[in-house]
Peer 1: 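What follows is a single structure, and I will ask about it in a moment.
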Amino acid sequence: MSKRTRYWLMKSEPDDFSIDDLARVQVEPWTGVRNYQARNFMREMQVGDGVLFYHSNADVPGIYGIAEVACTAYPDPTQFDRKSKYFDEKASREQPRWELVDVRYVRTLKRPIALDDIRAQADALGEDFALIRKGNRLSVLPVTAAQWKTLLSLE
DNA sequence: GCCAACGTTGGC
DNA sequence: GCCAACGTTGGC
């Protein structure tokens with residue numbers, strides 16, 4: 001990996017795991033990503049990378065907090081757990097399919113940055129910003145330094 | 001709860 | 001390798 005992305009956006013359904021939950025536990029393994037593109041982004045992550053914590057399927061979808069990458073990627077244990085909803089019968093310990101990183105709480109935004117506000121900045125963010133591309137469903141995506149700055153200026 | 005958009009699966 | 005069927009995501 002020659003080029004390093006320093007910033008990311010990670011989605012979570014707050015009913016499942018919210019920024020408040022992360023504040024309580026401080027560090028959390030980001031289990032359950034079952035999309036190859038999202039997994040590959042997590043493989044690129046390095047300790048200390050900045051993470052925008054996004055609430056999807058929320059009353060007001062948007063960015064609610066800041067976190068950071070706490071370790072590099074390792075196999076997601078839920079893929080081996082028959083009782084987990086994330087169990088994947090095609091994965092084995094010898095040949096894991098899914099990886100994750102641990103995420104550490106940094107802070108909760110004073111005011112969440114709503115998806116509507118993010119869309120209003122589409123020009124500044126650029127058309128390639130995956131979060132606001134039509135039909136986007138990616139749950140882990142890279143953010144440039146400029147996008148990070150633009151987004152946090154909306155807080 | 002609906003549904004558009006997208007990824008994955010599997011038959012051929 | 002194509003593509004229809006199916007499942008999932010996520011905004012509304």
Side-chain angles (χ1 to χ4, degrees), chain A residues 1 5 7-25 28-45 49-69 73-144 147-148 150-155:
Chain A
M1 181 60 38
T5 307
Y7 301 105
W8 309 91
L9 182 144
M10 299 174 84
K11 297 180 185 174
S12 180
E13 299 191 18
D15 289 346
D16 187 43
F17 189 81
S18 71
I19 188 71
D20 293 339
D21 294 322
L22 185 61
R24 198 172 331 109
V25 299
E28 177 76 3
W30 204 261
T31 54
V33 170
R34 295 294 180 266
N35 171 282
Y36 289 106
Q37 209 180 340
R39 179 204 65 183
N40 292 345
F41 285 137
M42 289 201 286
R43 283 180 171 169
E44 294 179 27
M45 290 181 183
D49 282 2
V51 174
L52 297 169
F53 195 115
Y54 182 92
H55 284 184
S56 60
N57 276 317
D59 288 344
V60 180
I63 298 164
Y64 281 71
I66 311 290
E68 65 180 14
V69 174
Y74 63 96
D76 180 343
T78 63
Q79 71 192 300
F80 311 126
D81 180 2
R82 256 176 202 290
K83 295 190 291 291
S84 169
K85 66 175 170 175
Y86 300 125
F87 175 70
D88 184 344
E89 62 181 7
K90 290 178 185 156
S92 67
R93 287 182 192 278
E94 295 70 35
Q95 291 212 304
R97 278 190 158 193
W98 307 110
E99 293 179 41
L100 53 68
V101 297
D102 290 355
V103 164
R104 175 180 294 111
Y105 178 77
V106 174
R107 70 183 178 89
T108 302
L109 296 194
K110 297 185 283 286
R111 194 177 67 87
I113 303 166
L115 180 58
D116 287 346
D117 299 333
I118 297 170
R119 284 219 182 91
Q121 296 297 314
D123 287 347
L125 292 166
E127 288 184 5
D128 62 325
F129 188 46
L131 182 70
I132 50 177
R133 260 200 317 248
K134 187 180 169 119
N136 166 66
R137 291 161 43 196
L138 202 55
S139 64
V140 177
L141 52 107
V143 174
T144 66
Q147 288 164 344
W148 176 275
T150 299
L151 289 166
L152 288 183
S153 74
L154 304 175
E155 182 181 1

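Just so we're on the same page: letters track the sequence lines, and every chain starts at 1.
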Peer 1: Going from CG on A:Leu52 to CH2 on A:Trp148, what distance comes out if it is rounded to the nearest 0.5 angstrom?
Peer 2: 4.5 Å
Peer 1: Taking the minimum atom-to-atom distance to the side chain of A:Tyr54, which one of B:dT9, C:dG11, C:dG10 wins?
Peer 2: C:dG11
Peer 1: Between A:Leu131 (CG) and C:dT9 (C1'), how many Å, whole number?
Peer 2: 13 Å
Peer 1: Given C:dC12, B:dG7, C:dG10, which nucleotide is nearest the side-chain atoms of A:Asp116?
Peer 2: C:dC12
Peer 1: Which whole-number value in Å describes the distance from A:Asn35 CG to C:dT9 P?
Peer 2: 9 Å
Peer 1: Does A:Asp76 pair with A:Arg34 as a salt bridge, N-O distance under 4.0 Å?
Peer 2: yes
Peer 1: Nearest whole angstrom, please: distance from the P of B:dT8 to the CD of A:Glu89.
Peer 2: 16 Å
Peer 1: Where the side chain of A:Leu115 is defined as all heavy atoms beyond and including C-beta, which of C:dG11, B:dT8, B:dT9 is the nearest nucleotide?
Peer 2: C:dG11
Peer 1: Send over the distance from A:Asn40 CG to B:dG7 P, rounded to a whole Å.
Peer 2: 13 Å
Peer 1: Is the phosphate of C:dT8 approached by A:Tyr86 (side-chain N or O, under 4.0 Å from OP1 or OP2)?
Peer 2: no
Peer 1: Please determine whether a side-chain nitrogen or oxygen atom of A:Lys11 lies at a distance below 4.0 Å from atom OP1 or OP2 of C:dT9.
Peer 2: no
Peer 1: Rounded to whole angstroms, how far apart are CD1 on A:Ile132 and P on C:dC12?
Peer 2: 12 Å
Peer 1: Using the benzene-type ring in the case of Trp, are the ring centres of A:Tyr36 and A:Trp98 under 6.0 Å apart?
Peer 2: yes
Peer 1: Base, sugar-phosphate, or nothing: which does A:Arg119 touch, judged by heavy atoms less than 4.0 Å apart?
Peer 2: sugar-phosphate
Peer 1: Would you kindly give the CG-to-C1' distance between A:Leu138 and C:dT8, to the nearest whole Å?
Peer 2: 13 Å
Peer 1: Nearest nucleotide by nearest heavy atom, which residue falls closer to the 5' end of DNA chain B, A:Lys90 or A:Lys134?
Peer 2: A:Lys134
Peer 1: I need the A:Leu100 CG to A:Glu28 CD distance, nearest 0.5 Å.
Peer 2: 9.5 Å
Peer 1: Roughly how many Å is it from CH2 in A:Trp98 to C1' in C:dT8, rounded to a whole number?
Peer 2: 13 Å
Peer 1: Below 4.0 angstrom, N of the basic side chain to O of the carboxylate: do A:Arg104 and A:Glu68 qualify?
Peer 2: yes
Peer 1: Grab the CZ-C1' distance between A:Arg133 and C:dG11 for me, whole Å please.
Peer 2: 17 Å
